[in-house]
Q: 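Pasting a structure here, questions to come.
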There are 2 protein chains.
Amino acid sequence: MSDEKTEYTISDLAKEFEITSRSIRHYEDEKLITPLRRGVHRIYNTRDRVRLQLILRGKRLGFSLAEIKEIIDIYGMEGEQKQTERLLELIKVRRDSLKQQLKDIKYLLNEFDVLEEKLTASHQSE
Amino acid sequence: MSDEKTEYTISDLAKEFEITSRSIRHYEDEKLITPLRRGVHRIYNTRDRVRLQLILRGKRLGFSLAEIKEIIDIYGMEGEQKQTERLLELIKVRRDSLKQQLKDIKYLLNEFDVLEEKLTASHQSE
DNA sequence: GCTTACCTTTACGCAAACGTAAACTTAGTA
DNA sequence: TACTAAGTTTACGTTTGCGTAAAGGTAAGC
């Protein structure tokens with residue numbers, strides 16, 4: 001039906017996301033991702049792929065692998081009824097952190113705008 | 001006139017920004033900040049304080065100290081006429097990075113919204 | 001069955017960003 | 001002036017996030 005792949009080798013994902021296989025294995029060591037095995041080889045499915053995307057997103061935002069694992073675990077725990085309160089709390093903390101980052105980014109982008117304007121102005125006046 | 005402080009000790013700043021003096025000294029080792037000395041003691045002025053804020057902002061965004069130094073140096077070099085092109089290039093790179101982070105944050109915030117809704121829904125239906 | 005490409009585990013190495021302890025100096029104050 | 005709090009340098013230790021061999025196993029094509 002769809003021609004989207006549903007299975008990936010470790011180097012498939014490594015190439016796609018421009019990281020090394022070593023990194024992907026490291027994320028597995030740290031329990032952030034747990035692919036199936038066909039014999040001894042790792043087989044990644046679309047769910048694993050999404051997880052990897054989440055990991056890289058987290059990294060770009062400066063989260064540690066431990067923090068990213070926490071976030072990922074939140075996703076995985078959707079089913080568990082019990083700890084809803086705890087999950088909501090975790091989400092709140094993470095959201096606050098992201099909102100602070102939003103502020104930081106907006107501040108810096110604005111600073112860059114101002115600085116760039118100054119630079120191009122003095123550049124043209126030469 | 002104004003009652004804003006214009007001088008700070010290392011522990012003043014450490015307390016204010018909730019970091020250790022060790023960290024601040026480390027930033028100095030890495031040439032990100034260079035306070036004056038009164039004898040052997042470090043004296044920080046408002047300019048140093050702003051620098052420190054920039055450092056922490058950068059850290060929250062996941063930049064390395066080396067990268068933050070690069071950004072800070074951009075700020076400091078406003079006067080230098082020569083390297084305008086280079087500075088504009090650096091700004092461009094940094095801006096692209098920040099814009100990617102903006103996307104990442106918006107994605108995650110949205111995911112949190114969705115997840116939270118699911119959680120509170122299932123929570124109420126019990 | 002041999003080659004080649006890709007995969008595996010094990011394990012030591014390394015840079016970044018501080019933590020932490022040691023040993024001392026300096027500045028205010030009682 | 002002696003105590004105390006805070007500051008200083010020096011230097012080794014620690015954690016995180018992989019890099020990088022080493023030493024080999026596996027799958028596919030010829």
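Letters A, B, ... mirror the listed sequences (proteins, then strands); counts begin at 1.
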Q: Using the closest heavy atom to pick a nucleotide of DNA chain C for each, name whichever of B:S64 or B:R38 lands nearer the 5' end.
A: B:S64
Q: From CG of A:L32 over to C1' of D:dG17, roughly how many Å is that when rounded to an integer?
A: 12 Å
Q: Determine: side-chain N/O of A:T20 to OP1/OP2 of D:dG19, distance under 4.0 Å, yes or no.
A: yes
Q: With a 4.0 Å cut-off, would you call A:R95 and B:E111 a salt bridge?
A: no
Q: What integer distance in Å separates B:I55:CD1 from C:dA16:P?
A: 16 Å
Q: Nearest whole angstrom, please: distance from the P of D:dT16 to the CD of A:E70.
A: 14 Å
Q: Quick one: does B:R37's side chain have a donor or acceptor within less than 3.5 Å of a partner on B:I43's backbone?
A: no
Q: Within the side chain of A:S11, is there an N or O that forms a donor-acceptor pair under 3.5 Å with the backbone of A:A14?
A: no
Q: If only side-chain N and O atoms of A:K59 are considered, is one of them under 4.0 Å from the OP1 or OP2 phosphate oxygen of D:dC18?
A: yes
Q: Would you say a side-chain N or O of B:S23 is under 4.0 Å from OP1 or OP2 of C:dA17?
A: no
Q: Using whole Å, what does the distance between atom C1' of nucleotide C:dA15 and atom CG of B:L65 come to?
A: 12 Å
Q: Which residue pairs pass the salt bridge (charged side-chain N to carboxylate O under 4.0 Å, His left out) test when at least one of the two sits in residues 62-71 of chain B, sequence neighbours left out?
A: B:E67-B:R94, B:K69-B:D73, B:E70-B:R94
Q: Answer yes when A:R42 and A:E7 have at least one side-chain N-carboxylate O distance shorter than 4.0 Å, and no when they do not.
A: no
Q: If only side-chain N and O atoms of A:Y27 are considered, is one of them under 4.0 Å from the OP1 or OP2 phosphate oxygen of D:dC18?
A: yes
Q: A:D96: what forms a salt bridge (charged side-chain N to carboxylate O under 4.0 Å, His left out) with it, not counting sequence neighbours?
A: A:K92
Q: Which letters describe nucleotides 5-12 of chain C, given B = protein heavy atom under 4.0 Å from base, S = only from sugar-phosphate, - = neither?
A: -SSBB-B-
Q: A:E30 CD to D:dG17 C1': how many Å, rounded?
A: 8 Å
